[in-house]
Amino acid sequence: MSTIITMNKVLIVLSIVLLSACGKSQQSTSDVSIIEHQIKSEEDLEKDHIPPFKAIDTNYNSMDLLLPEGFSYEILFTEFIDKVTRADGKQFPAKGSHDLCVYVPIENSSEHGYLYIGHEDRYVNQALGDGGGATVFEVKKDSNGWKTVGDFKHVDFRPIRDTHRNCGGTITPWGTVLSAEETYPLSNANISFNGTYISDLSPINNREAYTNFGWMVEVDPITQKPLQKLYAMGRFMHEDAECMEDGKTVYLTDDYPVAVFFKFVADQAGDYTSGQLYAYRQSLDGESGKWLELPRDTNSLIRCRDIALENGATLFQRHEWLASSNGKIYISETGNVQFDWTRRILGGAVPAKHFLDHFHLGSNVFSDVHGRILEFDPATNKMRSYLEGGIDEADSATILSNPDGNAIQTFDGVDYLIINEDIDWFDRGRVPEYVTAAQRFINEVYFLPLNKQEPQRSDLMRFAIGPKGSETTGTYFTPDGKTMFLNIQHPWPRNKPPFNRSCTVAITGF
């Protein structure tokens, strides 16, 4: 039973005693019954819930994907090994660095649909287009498990002059996919790197080529065609997006050491091509905030982060994925070992309150090794630290560090935040000491129940441990919650197949 519930019971009992002492002991039996029913309901929330799995123990030596007892995985799509088909019918080895994963059901089915996989690539590829990419394929579940149906279909981004490192994203209320370009090149030289990344550096829309990268991109997964780059959503290190049900509002994260939290509101529902971009400014006491309106012209949107910070936007540290539950938005803030915000603070920006309170080393230098999960309330504009990363005091093997990808799924009436780690390095307590000595990058997948106001690291449930060297990302569930799709990104190439290459898996057992 939580401390909050216990205190509530004490206060209710004291209230009844005081009322009696003041001659008001005539309180009706029905009133007492209501109070008892409320207490019982709160207690039931705690004791009657059945977790969706039994948390696994640590194991940092495996080349396999480790899952709880009763769960299994199937490989659906593998970098280079599988061939993708272009619109002209020609086939070529699939791109890698699988990141975003979206399941698009066919006729609302949880056993038949399309998977959209984003590729966080950035290399020249004459066959499939330079920079990033995406692949779409049909999947179906039968008595033997999940299978792919037909070809792996190539999404050709060349009509919009390519993309660069397609990172996270989401599905819109009308079924298209928003893909995030996690790149903010500063010049043509920066984007080309001697031709390694992007080969066509000719001007586009009367602007230099490098300004064409660093946007949100809207894609039709059914036709495998890019629709447009969404210039109105601004140009920065796009990591992820969360679309609201109104068809107009989108929250956007910025994966940069001087990050800004953005909100976009479309002029018309169902059309993200025009609208107003805002930057978040937290109140000094951290209990609320407001949205700063940013200029809408393209030249300003190209440098929207700078404009936001110059006008007092709040400073964050590398925002990653975000997901919404019960009216709140949960953001992975992945952290950074040490950083100096002097230039930005002198320019008008203000650090988020949790940095000033706990991670300030003096002057304008901060240290945030493990990162955290933030909770944002759109109703009040309050941003707070919901769960700090670090070592669980009761179990030193449980370490939440550098949270990155996330998703939300409901089990037995409780929403869980699924957290994918992407540790920056294997030192400073981000993995147990023996793993640090072995110099291994090991990332875990944790489930965190969202039914507590003040969760602790002891509430984390370890669901998976990725193969050596890999980052797990792209968590996405079928509508019935029985299958979890997951990407294994950049595993150690010396792992045994299939986990020596980026791949997409289907996990069953829920």
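In this structure, CD1 on Ile160 lies 8.5 Å from CG on Leu227, to the nearest 0.5 angstrom. A distance of 11.5 Å separates CG of Leu277 from CG of Leu230, quoted to the nearest 0.5 Å. Here OG1 of Thr472 is found 8.5 Å from CG of Asp422. Values are rounded to the nearest 0.5 Å. For the atom pair CZ (Phe477) and NZ (Lys482), the distance works out to 13.5 Å, reported to the nearest 0.5 Å. Atoms CZ and CG, on Arg161 and Leu201 in that order, are 8.0 Å from each other to the nearest 0.5 Å.
A donor-acceptor distance shorter than 3.5 angstrom exists from the side chain of Asn495 to the backbone of Lys468, with no hydrogens or angles considered. Using modelled atom types, no side-chain atom of His319 and backbone atom of Ile331 make a donor-acceptor pair closer than 3.5 Å. Between the side chain of Gln276 and the main chain of Leu294, a donor-acceptor pair closer than 3.5 Å is present. Between the side chain of Thr380 and the main chain of Lys382, a donor-acceptor pair closer than 3.5 Å is present. Put simply, the side chain of Thr475 never gets that close to the backbone of Leu486: no donor and acceptor are under 3.5 Å apart. Using a distance-only test at 3.5 Å, with no hydrogens or angles considered, no donor-acceptor pair links the side chain of Asn406 to the main chain of Ile418.
Of all non-hydrogen atoms in Pro52 and Tyr416, the two that sit nearest each other are CD-OH, 3.4 Å. Closest of all the heavy-atom pairs between Ala127 and Arg158 is O-NH2, 3.7 Å. Between Pro221 and Val136, the shortest heavy-atom distance links the atoms O-CG1, 3.4 Å. The shortest non-hydrogen separation linking Phe316 to Trp341 is O-CZ2, 3.4 Å. A pairwise comparison of heavy atoms in Lys328 and Pro378 identifies CA-CD, 4.4 Å as the closest pair. The shortest heavy-atom contact between Asn402 and Ile423 is OD1-CA, 3.2 Å.
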- [ ] Test His370 against Glu388 for side-chain contact (heavy atoms from CB on, under 4.5 Å), laying out the working first.
- [x] CA-CA 8 Å; His370 296 287; Glu388 284 293 320; over 6 Å; no
- [ ] Begin from the C-alpha positions of Ser325 and Tyr330 and carry the test side-chain contact (heavy atoms from CB on, under 4.5 Å) through to its verdict.
- [x] CA-CA 8 Å; Ser325 167; Tyr330 296 90; 4.1 Å; yes
Open item on the list: Determine whether Thr196 and Val124 satisfy the following criterion, side-chain contact (heavy atoms from CB on, under 4.5 Å), listing intermediate values before the conclusion.
Closed with: CA-CA 6 Å; Thr196 304; Val124 166; 5.8 Å; no
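The residues Asp88 and Arg86 are annotated as salt-bridged, a charged nitrogen and a carboxylate oxygen being separated by less than 4.0 angstrom. At a threshold of 4.0 Å, the pair Asp267-Arg296 counts as salt-bridged, since one of the basic side-chain nitrogens sits closer than that to a carboxylate oxygen. Salt bridge Asp246/Lys248: absent, no basic N to carboxylate O contact under 4.0 Å. Here Arg303 pairs with Glu310 in a salt bridge; the nearest charged N to carboxylate O distance falls below 4.0 Å. Between Glu181 and Lys229 there is a salt bridge, with a side-chain nitrogen of the basic residue lying less than 4.0 Å from a carboxylate oxygen of the acidic one.
A heavy-atom distance below 4.5 Å is not found between the side chains of Val102 and Phe485. Side-chain contact check for Tyr116 versus Cys101: every heavy-atom pair is 4.5 Å or farther apart. Considering only heavy atoms from C-beta on, Asp368 comes within 4.5 Å of Phe355 through its side chain. Two residues are said to be in side-chain contact when any heavy atoms from C-beta on lie closer than 4.5 Å; Cys243 and Leu178 meet this criterion. No side-chain heavy atom of Val260 sits under 4.5 Å from any side-chain heavy atom of Thr314. Between Val84 and Gln91 the shortest side-chain heavy-atom distance does not fall below 4.5 Å. The shortest side-chain heavy-atom distance between Gln317 and Pro257 falls under the 4.5 Å cut-off.
For Arg343, there are no salt bridge (charged side-chain N to carboxylate O under 4.0 Å, His left out) partners at least two apart in sequence or on another chain. Checked against salt bridge (charged side-chain N to carboxylate O under 4.0 Å, His left out), Lys95 has no partners two or more places apart in sequence or in another chain. By the salt bridge (charged side-chain N to carboxylate O under 4.0 Å, His left out) test, Glu111 pairs with no residue at all, sequence neighbours left out.
For Thr211 and Glu208, the side-chain atoms include no donor-acceptor pair closer than 3.5 Å. In this structure, a donor-acceptor pair under 3.5 Å is present between the side chains of Thr273 and Asp271. Between the side chains of Asp404 and Ser332, no donor-acceptor pair is found at a separation under 3.5 Å. If you check the side chains of Asn420 and Thr473, you find no donor sitting under 3.5 Å from an acceptor. At a cut-off of 3.5 Å, with distance as the only test, no side-chain donor of Ser187 or Asn190 sits close to an acceptor on the other residue. A side-chain donor-acceptor contact under 3.5 Å links Glu444 and Tyr446. Defined by atom type and a distance below 3.5 Å, a donor-acceptor pair is missing between the side-chain atoms of Ser288 and Asn381. Side chains of Asn500 and Trp492: a donor-acceptor N/O pair is absent below 3.5 angstrom, by distance only. Under 3.5 Å, the side chains of Glu120 and Gln489 contain a donor-acceptor pair of N or O atoms. In summary, the side chains of Tyr73 and Asp64 do present a donor paired with an acceptor at a separation below 3.5 Å, with no hydrogens or angles considered. With no hydrogens or angles considered, a side-chain donor-acceptor pair links His112 and Glu138 at under 3.5 Å.
Identified under the side chain to side chain donor-acceptor pair (under 3.5 Å) test for residues 251-262, with sequence neighbours left out: Asp254-Arg305. Here side chain to side chain donor-acceptor pair (under 3.5 Å) pairs that include residues 166-176, with residues two or more places apart or in two chains, are Thr163-Asn166, Asn166-Ser179, Thr172-Trp174, Thr172-Thr176, Trp174-Thr176, Trp174-Glu218, Thr176-Glu218.
A cation-pi arrangement, defined by a distance under 6.0 Å to the six-membered ring centre and an angle within 45 degrees of its axis, is absent between Arg207 and Phe213.
Ring centroids of Phe411 and Phe53 are separated by 6.0 Å or more, keeping the two rings apart. Aromatic ring centres of Tyr184 and Phe236: separated by at least 6.0 Å. A centroid separation of 6.0 Å or more is found between the aromatic rings of Tyr476 and Tyr103. Aromatic rings from Phe137 and Tyr114 are positioned such that their centres are separated by 6.0 Å or more.
The neighbour count for Lys153 NZ, taken as heavy atoms of other residues, nucleotides or ligands under 6.0 Å away, does not exceed 12.
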N/O donor-acceptor pairs under 3.5 Å from side chains in residues 502-510, not counting sequence neighbours:
{"from": "Ser502", "atom 1": "OG", "to": "Ser97", "atom 2": "N", "distance (Å)": "3.4"}
{"from": "Ser502", "atom 1": "OG", "to": "His490", "atom 2": "N", "distance (Å)": "3.0"}
{"from": "Thr504", "atom 1": "OG1", "to": "Asn487", "atom 2": "OD1", "distance (Å)": "2.6"}

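For the ring-ring contact (aromatic ring centres under 6.0 Å, His included) with Trp291, the lone residue among Phe262, Phe261, Phe264 that qualifies is Phe261.
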